[in-house]
Undergrad: 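Below are the structure tokens for one structure; questions will follow.
Counting starts at 1 for both ligands and their atoms, following the listed order.
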Amino acid sequence: MAARERTFIMIKPDGVQRGLIGKIISRFEEKGFKLVAMKFMQASNELLEKHYADLAGRPFFPGLVRYMQLGPVVPMVWEGLNIVKTGRDIIGATNPMESAPGTLRGDLCIQVGRNIIHGSDSVPSAEKEIGLWFTDEELANYSMAMDSWIYEEN
Ligand code: IDP
Ligand code: MG
């Protein structure tokens, strides 16, 4: 089965505070993706600076790191066929003013600085982000009983 791609998804502090954890997780579950790892934690400055290293030079960077520490976050690893791109499609455009209705950001938030969720933008960044937030031991190795109802045999 060709379903081994993984992505890093994280519910941001506003998503947690607004009671959206269940709704967000449901979207990925109901699609048919497989949850591989999840935790509930307060992110450190150091971890966030590494996670958002590519944006370090941007004017909004200090505010972004502050925003991400306003409360606990829910980092997760999800697995499935083409999940990096499909995950970004489910999440919607970075700025909720441009996110299509039907996407998480399009339906559930209003401003770019409070856009509730993170998703990796490529397979290499997914690998990097998974390694930053999780150890290998934290990634569960199991098969989902319903996989043959989600994926064609091959
Ligand atoms: P992404 O989360 O859709 O991948 P990135 O460009 O990687 O978007 O930016 C990371 C995060 O930084 C965004 O999700 C958002 O929280 C924040 N951000 C991006 N652009 C702005 C901005 O112009 N003002 C404030 N925050 C921003
Ligand atoms: Mg990004």
Undergrad: List ligand 1 atoms under 4.0 Å from Tyr52, heavy atoms only on the residue side.
TA: 10 (C)
Undergrad: At a 4.0 Å threshold, what atoms of ligand 1 neighbour a non-hydrogen atom of Leu55?
TA: 7 (O), 9 (O), 10 (C)
Undergrad: Looking at Ala126, is its backbone amide N or carbonyl O close enough to the side chain of Arg6 to form a donor-acceptor pair, meaning the two atoms are under 3.5 Å apart?
TA: no
Undergrad: So is Leu64 touching ligand 1 or not, going by heavy atoms under 4.0 Å?
TA: yes
Undergrad: Could you tell me whether Lys85 atom NZ has more than 12 heavy atoms of other residues or ligands within 6.0 Å of it?
TA: no
Undergrad: Nearest protein heavy-atom contact for atom 13 (C) of ligand 1: which residue, which atom, what distance?
TA: Asn115 ND2, 3.6 Å
Undergrad: Just to be sure I read this right, does ligand 1 sit under 4.0 Å from the backbone of Arg114, its side chain, both, or neither, counting only heavy atoms?
TA: neither
Undergrad: Identify the protein heavy atom lying closest to atom 18 (N) of ligand 1, giving its residue, its atom name and the separation to 0.1 Å.
TA: Phe60 CE1, 3.5 Å
Undergrad: Which distance, rounded to the nearest 0.5 Å, do you find between the CG of Leu55 and the CD of Glu49?
TA: 12.0 Å
Undergrad: Hey, what do you get for CG (Asn95) to SG (Cys109), rounding to the nearest 0.5 Å?
TA: 9.0 Å
Undergrad: Counting only heavy atoms, which portion of Val112 has something under 4.0 Å from ligand 1: side chain, backbone, both, or neither?
TA: both
Undergrad: For atom 3 (O) of ligand 1, what is the closest protein heavy atom, and at what distance to 0.1 Å?
TA: Thr94 OG1, 2.5 Å
Undergrad: Ring centroid separation for Trp78 and Phe28, is it under 6.0 angstrom?
TA: yes
Undergrad: Tell me whether Lys12 forms a cation-pi arrangement with Tyr67, defined as NZ or CZ under 6.0 Å from the six-membered ring centre and within 45 degrees of its axis.
TA: no
Undergrad: Does only the side chain of Asn95 get under 4.0 Å from ligand 1, or the backbone, or both, or neither? Count heavy atoms.
TA: neither
Undergrad: Give the C-alpha distance, both sets of side-chain angles, the deciding distance and a yes or no for side-chain contact (heavy atoms from CB on, under 4.5 Å) between His51 and His118.
TA: CA-CA 11 Å; His51 175 79; His118 167 83; 3.4 Å; yes
Undergrad: Whether the side chain of Ser99 engages the backbone of Gly92 through a donor-acceptor N/O pair (distance < 3.5 Å, no angle test) should be reported.
TA: no
Undergrad: Tell me whether Lys12 reaches ligand 1 (any heavy atom closer than 4.0 angstrom to a ligand atom).
TA: yes
Undergrad: Starting from atom 4 (O) of ligand 1, what is the nearest protein heavy atom, named by residue and atom, and what distance separates them?
TA: Arg88 NH1, 2.7 Å
Undergrad: Are any of the heavy atoms in Arg105 under 4.0 Å away from ligand 1?
TA: yes
